[in-house]
Amino acid sequence: MKKLIFRILGALSSALIIVSVFVPFVKVTGYSQSLWQTNVNTLYLPIIIIVFGAIGVLLFATNFKTELAYSTTGALLFFLITQSIPIINQGTFSTLNVGYYFLVVGTLLTGIMTFLCGLKSKQKVVEETKVEEV
């Protein structure tokens, strides 16, 4: 039952990653843009973020190789770190908007839910070893 809850939360956090592409990511002097709007000429970045979110949703929904969600989490963390460091160095962190925070929360929760889905209860492990001994 707990694993089902973790899978549902994992799918929702991966869906949050997809939503983060379309909500305002940066806001400067009353004007805001989403990731989709900022990359009009090269749409590969928003599309890849959407694909990473969709992979997470599919993996958690089907319960098939959920540990592959670690790769999407790692890629999105790399993107977030490379985007955040220059913003912090310039002192313009206040320009980040809801889309950035959706992406951060969705990425972190996807990683945590992947970890929790991969955990096995101690009782099952003990029972499996007893069966193998007999």
Ile112 vs Phe6 side-chain heavy atoms within contact, under 4.5 Å: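 In short, these two side chains do not touch, never coming nearer than 4.5 Å.
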Note, Leu9 side chain near Leu109 side chain (heavy atom, < 4.5 Å):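 No; the side chains remain at least 4.5 Å from each other.
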Minimum heavy-atom distance Thr110-Gly10, with the two atoms named: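 Scanning both residues, the minimum pair turns out to be OG1-O, 4.3 Å.
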Heavy-atom closest contact (Leu35 atom, Thr38 atom, distance):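 That closest heavy-atom pairing would be O-OG1, 3.1 Å.
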Non-neighbouring partners of Leu4 that pass side chain to side chain contact (heavy atoms under 4.5 Å, CB included), sequence neighbours left out: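 Scan of Leu4 (side chain to side chain contact (heavy atoms under 4.5 Å, CB included), adjacent residues dropped) gives Arg7, Ile8.
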Which residues share a side chain to side chain contact (heavy atoms under 4.5 Å, CB included) with Ile48, sequence neighbours left out: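 Applying side chain to side chain contact (heavy atoms under 4.5 Å, CB included) to Ile48 gives Phe52.
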Check the hydrophobic clustering (I, L, V, M, F, W, Y; side-chain heavy atoms under 4.5 Å; chains of links allowed) and say if [X] and [Y] are grouped together.
{"X": "Met113", "Y": "Leu108", "value": "no"}
{"X": "Leu12", "Y": "Ile5", "value": "no"}
{"X": "Ile50", "Y": "Val105", "value": "no"}

Spatial distance of atom CZ (Phe102) from atom CD1 (Ile18) [nearest 0.5 Å]: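 That separation rounds to 13.5 Å.
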Distance in Å, Leu116 CG paired with Lys3 NZ, rounded so as to fall on 0.5 Å steps: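 Reported to 0.5 Å precision, the distance equals 11.0 Å.
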Pairwise side-chain hydrogen bond (donor to acceptor under 3.5 Å, both in side chains) hits with a residue in residues 74-89, at least two apart: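 Every pair satisfying side-chain hydrogen bond (donor to acceptor under 3.5 Å, both in side chains) with a residue in residues 74-89: Ser84-Tyr100.
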Residues clustering with Ile81 (ILVMFWY side chains joined when closer than 4.5 Å, directly or via others):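 Answer for Ile81: Ile85.
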Under 4.5 Å side-chain linkage, directly or through intermediates, the cluster mates of Leu58: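 Answer for Leu58: none, a lone residue.
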Thr95: partners by side-chain hydrogen bond (donor to acceptor under 3.5 Å, both in side chains), with sequence neighbours left out: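 side-chain hydrogen bond (donor to acceptor under 3.5 Å, both in side chains) check on Thr95 returns nothing, list empty.
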Per-pair distances, 0.1 Å, donor-acceptor, side chain in residues 63-79, under 3.5 Å, sequence neighbours excluded:
residue : atom : partner : partner atom : Å
Tyr70   : OH   : Phe115  : N            : 3.4
Ser71   : OG   : Leu68   : O            : 2.6
Thr72   : OG1  : Ala69   : O            : 2.7
Thr73   : OG1  : Ala69   : O            : 3.0

Taking only distance into account, with no hydrogens and no angle test, what donor-acceptor pairs under 3.5 Å do side-chain atoms of residues 19-34 form with protein atoms, sequence neighbours excluded?
residue : atom : partner : partner atom : Å
Ser20   : OG   : Ile17   : O            : 2.5
Ser34   : OG   : Trp36   : N            : 3.4
Ser34   : OG   : Gln37   : N            : 3.3

